[in-house]
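Residue numbers start from 1 in every chain, and the chains themselves are labelled A, B, ... in the order their sequence lines are given, proteins ahead of strands.
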2 protein chains.
Amino acid sequence: MGVEPQRSPRTTRQQVAILDVLGSAKKFCSAQQIHSTLVRRHQDVALATVYRTLKTLSDSGELDVIFSEGEALYRRCKSIEHHHHLVCRECGVSVEIENPDLETWAAAVASAHGFESVDHTLELYGTCRRCSSGK
Amino acid sequence: MGVEPQRSPRTTRQQVAILDVLGSAKKFCSAQQIHSTLVRRHQDVALATVYRTLKTLSDSGELDVIFSEGEALYRRCKSIEHHHHLVCRECGVSVEIENPDLETWAAAVASAHGFESVDHTLELYGTCRRCSSGK
DNA sequence: CTTGCTGCAAAATCTTTGCACCATA
DNA sequence: TATGGTGCAAAGATTTTGCAGCAAG
């Protein structure tokens, strides 16, 4: 078994601020967006630090990452279990969703083609009620 | 319904060369990889043209795109129907797979949360037989 | 001939990294 | 006070774009 990546041994003002932004966001955010939010809140953190922190946190599994249009988007999720998201294309709001059957299906398809240690990515993109009524 | 994006009105040596590389590839390739292959084949095409052509082709639906680790990977697929892929993390070989039930599930989950015009991305990543036996 | 496509180079993004300094534990 | 974390600036990587010239139809 692989060893779980460790969390940093020190708690800093910057990390707290970044986690705070992620905690109050119900959407996936890019490093740049988080950085802007921090600046707006007068809690400046260097962009490089935002990137480093997000990488560390996602490596340790504390953040979920999705790649959209060439950039990484991060979100702190409630569930630690494997799950997926229903994301609004307009505003980015996202809902955590589950699909237990998918695991079984994925494993079956994989072994049928001789693939091992299979993993999967699944995200749903749509327009949320608020955004579709807005226009 | 939306109008299907059009294919370019002119057929050029460059486009043919790019489609040829994609046609002989059973894996998802990045723009850079396609460019390298073209150079290796002495069919040089400017990198910018490769990017432009790939964008045009994927916009018109002739190419499937997936984002992996921050870069776009393209593949010309056999089926025009909506489908997914089982991709090898090591060598990139991919197999086209289907999951009809997913559409139904996605639509249900979406409407349950008030989302409209939902779309989804699903890709399986694993290690193919050749790669897992190789090492 | 027309004008869409290409090549080239510059630039825009997103992300990473080297290094000196700061601050947590 | 030791050393992990941070800030800053520079560098890397991927992708886009402006513009002049080429070439398909």
What is the distance from [atom1] of [X] to [atom2] of [N], rounded to the nearest Å?
| X | N | atom1 | atom2 | value |
| --- | --- | --- | --- | --- |
| A:Phe67 | D:dA13 | CZ | C1' | 14 Å |
| B:Lys55 | D:dT17 | NZ | C1' | 12 Å |
| B:Gln43 | C:dG7 | CD | C1' | 17 Å |
| A:Glu69 | C:dT13 | CD | C1' | 13 Å |
| A:Leu54 | C:dC14 | CG | P | 14 Å |
| A:Leu73 | C:dC14 | CG | P | 10 Å |

Does a side-chain N or O of [X] approach OP1 or OP2 of [N] to a distance below 4.0 Å, or not?
| X | N | result |
| --- | --- | --- |
| A:Tyr51 | C:dT15 | yes |
| A:Thr11 | C:dA25 | yes |
| A:Thr12 | D:dT6 | yes |
| A:Thr49 | D:dG7 | yes |
| A:Gln14 | C:dA23 | no |

I want to confirm an ordering. Mapping B:Arg13 and B:Ala48 to their closest nucleotides on DNA chain D, which one lands closer to the 5' end?
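Between the two, 5'-proximity favours B:Ala48.
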Which of these nucleotides, [options], is closest to any side-chain atom of [X]?
| X | options | answer |
| --- | --- | --- |
| B:Ala72 | C:dA25, D:dG25, D:dT15 | D:dT15 |
| A:Gln15 | D:dG5, D:dT15, C:dG7 | D:dG5 |
| B:Arg10 | D:dA24, D:dG7, D:dT3 | D:dA24 |

Give a yes or no on whether the ring-centroid distance for A:His84 and A:His120 is below 6.0 angstrom.
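For A:His84 and A:His120, the ring centres are under 6.0 Å apart.
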Aromatic ring centroids of B:Phe28 and B:His85 under 6.0 Å?
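Between B:Phe28 and B:His85, the centre distance is under 6.0 Å.
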Backbone N or O of B:Glu81 within a donor-acceptor pair of the B:His83 side chain at under 3.5 Å?
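Between the backbone of B:Glu81 and the side chain of B:His83 there is a qualifying donor-acceptor contact (under 3.5 Å).
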Is there a donor-acceptor pair under 3.5 Å between the side chain of A:Glu123 and the backbone N or O of A:Leu86?
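Between the backbone of A:Leu86 and the side chain of A:Glu123 there is no qualifying donor-acceptor contact (under 3.5 Å).
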Taking every non-hydrogen atom, the tightest pair across A:Lys27 and A:Ser94:
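Heavy atoms of A:Lys27 and A:Ser94 come nearest at CA-OG, 4.1 Å.
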Specify the residue among A:Arg52 and A:Gln32 whose closest nucleotide of DNA chain C lies further upstream toward the 5′ end.
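The residue whose closest nucleotide sits nearer the 5' end is A:Gln32.
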